[in-house]
Amino acid sequence: ITGYTFSNWLLRAGATNERDEYSGNSLSFTYKYHSQLSIGTNYTANTYSISLYNEEYGSKIKTLEVTYDSYPSTVEVPVKKGYTFNGYYIDGYDPLFNENGVPYNVYYYPYDVSAYADWSANTYRASFDTRGGSNVSSTTVKYDTTFKMPTPTRTGYSVGGWKYKG
């Protein structure tokens, strides 16, 4: 069975539900019951590793152990200056944890996986005070992108540069 390992054989006999357990891959016994006999199996869910990375090709943040067909524990949300965390994804498209670090589903991969943080650059509003120069409309700017500063005009003056006022 996918995600599980055989644990042992289980014998149940008659209405008394008398039970014997046998380990190993083979079952050998002398039938000593005088009623119906049920033979079943027990399986144990496998444990796998989830490696969390701060981004694709980035540094490993943490490794979690998770049991197949159960929910992984909630993870701490990473922080990256100028960016919003969107969640952890396997292979860039299969979501594992949401933006709050909460798992989307039970763990159903029968192998170890690597999950990568997905980030969106924050946007900021830039407003301009031209100090008597021509009007320059405010605009939105994405973090960590190049932005061409506007050049206002004012009779008798030349633009000497911009100063950041935050």
Side-chain angles (χ1 to χ4, degrees), residues 1-127 138-148 164 166:
I1 297 176
T2 301
Y4 292 84
T5 300
F6 172 78
S7 296
N8 61 326
W9 291 101
L10 179 63
L11 301 178
R12 291 179 192 237
T16 62
N17 243 359
E18 191 174 330
R19 180 174 131 165
D20 290 324
E21 292 186 12
Y22 296 89
S23 311
N25 292 330
S26 64
L27 179 62
S28 176
F29 63 95
T30 303
Y31 186 64
K32 61 183 178 181
Y33 305 106
H34 299 291
S35 59
Q36 181 179 352
L37 176 67
S38 296
I39 301 174
T41 56
N42 282 335
Y43 291 90
T44 303
N46 296 334
T47 300
Y48 298 100
S49 295
I50 301 172
S51 296
L52 301 177
Y53 292 85
N54 61 353
E55 56 194 348
E56 195 165 2
Y57 308 111
S59 302
K60 186 189 294 188
I61 297 171
K62 182 178 197 168
T63 300
L64 306 171
E65 296 296 317
V66 63
T67 302
Y68 185 81
D69 207 19
S70 67
Y71 280 94
S73 56
T74 299
V75 297
E76 186 176 328
V77 173
V79 176
K80 183 177 178 182
K81 182 181 177 184
Y83 289 84
T84 299
F85 176 69
N86 299 319
Y88 282 107
Y89 290 79
I90 298 170
D91 298 328
Y93 62 89
D94 196 3
L96 189 58
F97 294 96
N98 69 17
E99 67 278 2
N100 298 312
V102 177
Y104 278 103
N105 281 311
V106 296
Y107 189 82
Y108 58 88
Y109 301 96
Y111 45 84
D112 297 338
V113 297
S114 294
Y116 303 93
D118 182 60
W119 304 94
S120 295
N122 295 336
T123 56
Y124 301 93
R125 175 157 298 285
S127 301
S138 62
T139 188
T140 56
V141 180
K142 272 192 174 184
Y143 182 81
D144 207 20
T145 59
T146 302
F147 172 71
K148 185 175 187 293
Y164 173 72

Side chain Asn54, main chain Ser59, donor-acceptor under 3.5 Å
yes
Non-hydrogen side-chain atoms of Tyr48 and Val113 separated by less than 4.5 Å
no
Phe85 and Ala117: which non-hydrogen atoms are nearest, and at how many Å?
CE1-CB, 3.7 Å
So, taking the atom named CG in Asp112 and the one named OG1 in Thr47, what distance separates them when rounded to the nearest 0.5 Å?
10.0 Å
Indicate whether any N or O donor in one side chain lies under 3.5 Å from an N or O acceptor in the other, for Thr63 and Ser49.
no
As an exercise, state the distance from OH of Tyr143 to OG1 of Thr123, rounded to the nearest 0.5 Å.
13.5 Å
Using every non-hydrogen atom in the two residues, find where Tyr108 and Asn105 come nearest and quote the distance to one decimal.
CE2-CB, 4.4 Å
How long is the straight-line distance from OH of Tyr4 back to OH of Tyr43, given to the nearest 0.5 Å?
11.5 Å
Result of checking Asn98, Thr74, Val75 against Pro103 for side-chain contact (heavy atoms from CB on, under 4.5 Å)
Thr74
Would you say Phe97 and Tyr104 make side-chain contact, with heavy atoms under 4.5 Å?
no
Check: Tyr88 and Ile50 side chains under 4.5 Å, non-hydrogen atoms
no
Closest non-hydrogen atom pair between Tyr53 and Ile61, with its separation
C-CD1, 3.8 Å
Would you call Lys80 and Glu55 a salt bridge, using N to O less than 4.0 angstrom?
yes
Shortest non-hydrogen contact between Leu96 and Ala115, atoms and distance:
CD2-CB, 3.9 Å
At what distance, to the nearest 0.5 angstrom, does CD1 of Ile1 lie from CZ of Phe6?
10.5 Å
Nearest 0.5 Å, please: how far is OH in Tyr107 from OH in Tyr68?
9.5 Å
Arg125 and Thr140, any side-chain heavy atoms less than 4.5 Å apart
yes
